[in-house]
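Comments concern the structure below.
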Number of protein chains: 2
Amino acid sequence: MNAIIDSFDAIDKSAPQPLYQQIKNTIHRKIKSSEWKSGQKLPSENELVAALQVSRMTIHRALRELTQEGLIKRVHGIGSFVADAPRHASLIELRDIAAEVTESGKQHSSRVLALNTKLADEAIARSMQVARGTSLYFLNAVHYQDDIPIQLEARYVNPELVPNFLQQDFSVTTSTSFLLSQFRPQEMEHIVRAIMPDTRTCTKLRIEPGEPCLQLSRRTWSNNQVVTHVTMTYPSSRYDLGARYAVNDFQMRQ
Amino acid sequence: MNAIIDSFDAIDKSAPQPLYQQIKNTIHRKIKSSEWKSGQKLPSENELVAALQVSRMTIHRALRELTQEGLIKRVHGIGSFVADAPRHASLIELRDIAAEVTESGKQHSSRVLALNTKLADEAIARSMQVARGTSLYFLNAVHYQDDIPIQLEARYVNPELVPNFLQQDFSVTTSTSFLLSQFRPQEMEHIVRAIMPDTRTCTKLRIEPGEPCLQLSRRTWSNNQVVTHVTMTYPSSRYDLGARYAVNDFQMRQ
DNA sequence: GTAACATACTTGTCTATACAAGTATAGCGG
DNA sequence: CCGCTATACTTGTATAGACAAGTATGTTAC
């Protein structure tokens with residue numbers, strides 16, 4: 001147990017990041033790297049207090065939020081345990097598809113089909129919260145898992161907020177990770193639809209006409225402005241979205 | 001302001017429910033009933049402390065969790081505000097479809113197509129975490145919004161946990177609200193897929209063959225046992241799923 | 001042997017206090 | 001009129017301490 005706790009020395013009380021967040025990150029890392037395996041018992045709150053020299057409320061907040069996010073399970077009177085790993089791509093987490101693919105042991109690659117400027121039509125203008133006719137940056141790319149297309153990405157970006165977007169090489173870095181490095185999103189909106197792809201989409205994703213697709217649209221805000229609106233299309237045969245949660249009272253409330 | 005705060009008198013320090021939860025519920029109710037309207041400023045933490053006679057940390061926890069759930073927005077140094085109402089059915093909230101429909105001003109009705117006992121095949125047994133061949137309760141129902149089918153529900157229920165399931169009249173009460181009244185779910189799993197409905201499903205939902213559907217599968221646990229596994233099929237033309245969140249650091253983490 | 005009890009340890013909640021940091025505003029000096 | 005500063009108020013984080021309540025285990029009484 002000592003060895004486990006000792007490696008917590010990453011906690012830095014003078015860091016700009018809050019303590020509870022540093023603790024969450026550390027535990028998250030330990031679980032994702034399988035240093036702490038599924039079902040394993042975590043150190044108790046009091047043990048963590050002693051090891052990290054922070055107050056119990058700070059530890060408690062970190063563990064409570066990790067529970068709410070489904071990463072650990074806690075049993076009153078017993079202890080805290082690493083939760084079972086979810087088997088599906090997360091629905092609400094803002095994950096980079098490249099990281100998601102490589103994490104599952106597959107090879108990720110992507111091909112940029114378009115990277116240019118487009119004028120906003122009525123619908124795009126409304127969703128990006130700009131005037132009609134505003135020029136926006138546009139990216140169209142296909143993502144592959146072991147050379148099989150799994151996602152078609154169509155992304156609009158506000159050029160005022162990300163002026164250097166067109167200069168990036170999105171066959172190397174994904175747009176998600178680039179934007180995450182530039183922005184700290186403060187709000188997100190997700191909409192999921194089932195669609196029947198048109199023939200061009202079928203070609204790009206190399207699927208038969210008649211196969212339905214899952215379409216996930218995400219808008220991201222920073223400082224009350226829409227930074228980007230991305231529509232991701234997944235062949236339903238190759239991908240599904242899911243999430244497993246601990247339930248809190250809000251989710252049950254009528 | 002006094003009138004607003006005065007009506008908080010529902011807080012009961014000797015109630016079994018935690019104080020922060022009572023506060024969350026009260027605020028939730030005020031927002032959902034439009035007593036507090038979108039964009040309106042909430043009383044400050046200190047005002048709530050004075051009005052409710054609880055400590056600021058308790059108020060703060062309630063407001064923080066409401067923020068995380070997207071019901072309110074908070075601005076450092078400014079105050080707390082009622083968030084804009086989301087325009088879509090929530091993805092993760094366990095909502096009753098009847099409540100959702102009636103809340104939008106439409107008429108909900110439902111028709112039970114089957115309510116019986118089925119033996120678990122391999123797939124169902126695995127998802128319900130029971131032995132193959134175990135008998136399970138099964139419900140098949142269609143939900144209508146103003147007489148237009150919007151959801152096909154196929155639900156398996158563990159009969160050991162809900163022995164009186166078959167005795168219910170699910171044309172009056174929805175299965176969701178009945179199960180919620182019997183159980184406090186502790187964990188949920190959601191999986192979203194795009195599917196092409198078979199002809200029987202098309203008939204039940206009164207859609208043209210060739211229209212894709214969104215399929216949301218949900219498993220609910222209580223005491224580490226699967227209580228129910230429901231598959232809900234929505235015609236994509238009549239429904240989409242969405243959610244808008246405040247982003248916390250977890251969702252951004254790579 | 002078994003049931004009841006005491007104990008120790010766990011998580012859950014709540015309080016009172018403190019300080020940090022972001023924002024708006026009033027007032028002052030130029 | 002403009003810009004600076006003091007201030008008051010807001011939310012965000014962290015602490016130390018307390019009690020409640022759930023669980024497991026060992027001990028005692030019968």
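In what follows, chains are A, B, ... by sequence order, proteins preceding strands, each numbered from 1.
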Contacts under 3.5 angstrom, residues 154-164 of chain B side chains, donor-acceptor by atom type, not counting sequence neighbours:
{"residue": "Arg155(B)", "atom": "NE", "partner": "Glu153(B)", "partner atom": "OE2", "Å": "2.9"}
{"residue": "Arg155(B)", "atom": "NE", "partner": "Ser175(B)", "partner atom": "OG", "Å": "3.1"}
{"residue": "Arg155(B)", "atom": "NH1", "partner": "Thr228(B)", "partner atom": "OG1", "Å": "3.1"}
{"residue": "Arg155(B)", "atom": "NH2", "partner": "Glu153(B)", "partner atom": "OE2", "Å": "3.2"}
{"residue": "Arg155(B)", "atom": "NH2", "partner": "Ser175(B)", "partner atom": "OG", "Å": "3.3"}
{"residue": "Arg155(B)", "atom": "NH2", "partner": "Thr176(B)", "partner atom": "OG1", "Å": "3.4"}
{"residue": "Asn158(B)", "atom": "OD1", "partner": "Glu160(B)", "partner atom": "N", "Å": "3.0"}

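Taking Ser127(A) as the reference, His229(A) meet the side-chain hydrogen bond (donor to acceptor under 3.5 Å, both in side chains) condition, with sequence neighbours excluded.
Leu52(B) has its CG atom 14 Å from the C1' atom of dC14(C), to the nearest Å. Computed from coordinates, the Ile23(B) CD1 to dT13(C) P distance equals 13 Å when rounded to whole Å. Taking atom CG on Asp12(B) and atom C1' on dT13(C), their separation rounds to 15 Å, with Å as the unit.
Side chains of Ser44(B) and Asn46(B): a donor-acceptor N/O pair is absent below 3.5 angstrom, by distance only.
The two residues Trp221(B) and Val227(B) come nearest to each other via the heavy atoms C-CG2, 4.3 Å.
Residues Phe165(A) and Phe138(A) place their aromatic rings such that the two centres sit no closer than 6.0 Å.
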- Per-nucleotide protein contact along nucleotides 7-20 of chain D, 5' to 3', at a 4.0 Å heavy-atom cut-off (B base, S sugar-phosphate only, - neither), is ---BBBBBBBBB--

